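Structure first, then comments.
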Amino acid sequence: MGVTAEARGEREAGERRCWLVKSEPTTFSFDALLAADERTTPWDGVRNYQARNFMRDEMRVGDAVIFYHSNATPPGAVGLAEVASPPRPDPTQFDEGSRYADPTSDPADPRWFLVDVRAVRALPRMVTLQEIKAHPELNEMLVARRGNRLSVMPVACAHLDVLVALAERGDDGRDAAA
DNA sequence: GCCAACGTTGGC
DNA sequence: GCCAACGTTGGC
């Protein structure tokens, strides 16, 4: 027996993992994802090693994703999505015309990776950053931490669940479905 | 528009 | 390996 999968940093079979991705709505909104072909888009252009590592090494097809609008008024979580593909090299790194081109990346050993992200459903209402910060549980979320600039980050699935439940209540605390 | 926080780059 | 300079992110 010996070392567990967890101790090796691997995932138990069936283990649920959750994530948060950020996008500026003026660049690519959740509505744009809902309108996209197959409600899916390659999450390209990520040029941060930590965020890349999450996509390349840890995300799995079917993982739940919170879609967050950054640089918005107000910023906040607006939708649910899922990881829709295994990781693959981000083609924009080799596209000279792309703002994401990276001439130092070797096609035989690509530096940047992406996964496809598919929209699942919009939240019944936005859960704002302000609300996340004010919530006794959600304020532990990385996205609420000062100075955090990761565009792809892990989220405790318990936090995702709380956030969704919050969205399903009105911002007045009432059941939005009632 | 401002500015704090942070990652990257490059000189040494 | 250190660290100052610089560019970017993102809340406000």
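Residue numbers begin at 1 in each chain, while the letters A, B, ... track the order of the sequences. Note that the structure is predicted; figures quoted are calculated from it, not measured.
Residue pairs satisfying the disulfide (SG to SG under 2.5 Å) criterion with at least one member in residues 80-133 of chain A, sequence neighbours excluded, are absent. Applying the side-chain hydrogen bond (donor to acceptor under 3.5 Å, both in side chains) test to pairs two or more places apart or on separate chains, none has a residue in residues 133-155 of chain A.
Using cut-offs of 30° and 60° for the angle between ring planes, the A/Trp43 and A/Phe67 rings count as perpendicular.
Of the possible donor and acceptor atoms, one in the side chain of A/Arg125 sits under 3.5 Å from a partner among the backbone N and O of A/Arg169. Side-chain atoms of A/Asp102 do not come within 3.5 Å of backbone N or O of A/Arg111 as any donor-acceptor pair.
Bounding nucleotides for the chain A contact on DNA chain B, 5' to 3', at a heavy-atom distance below 4.0 Å, are B/dA5 to B/dT8.
Taking the nucleotide of DNA chain B with the nearest heavy atom to each of A/Arg149 and A/Asn71, the more 5' of the two is matched to A/Asn71.
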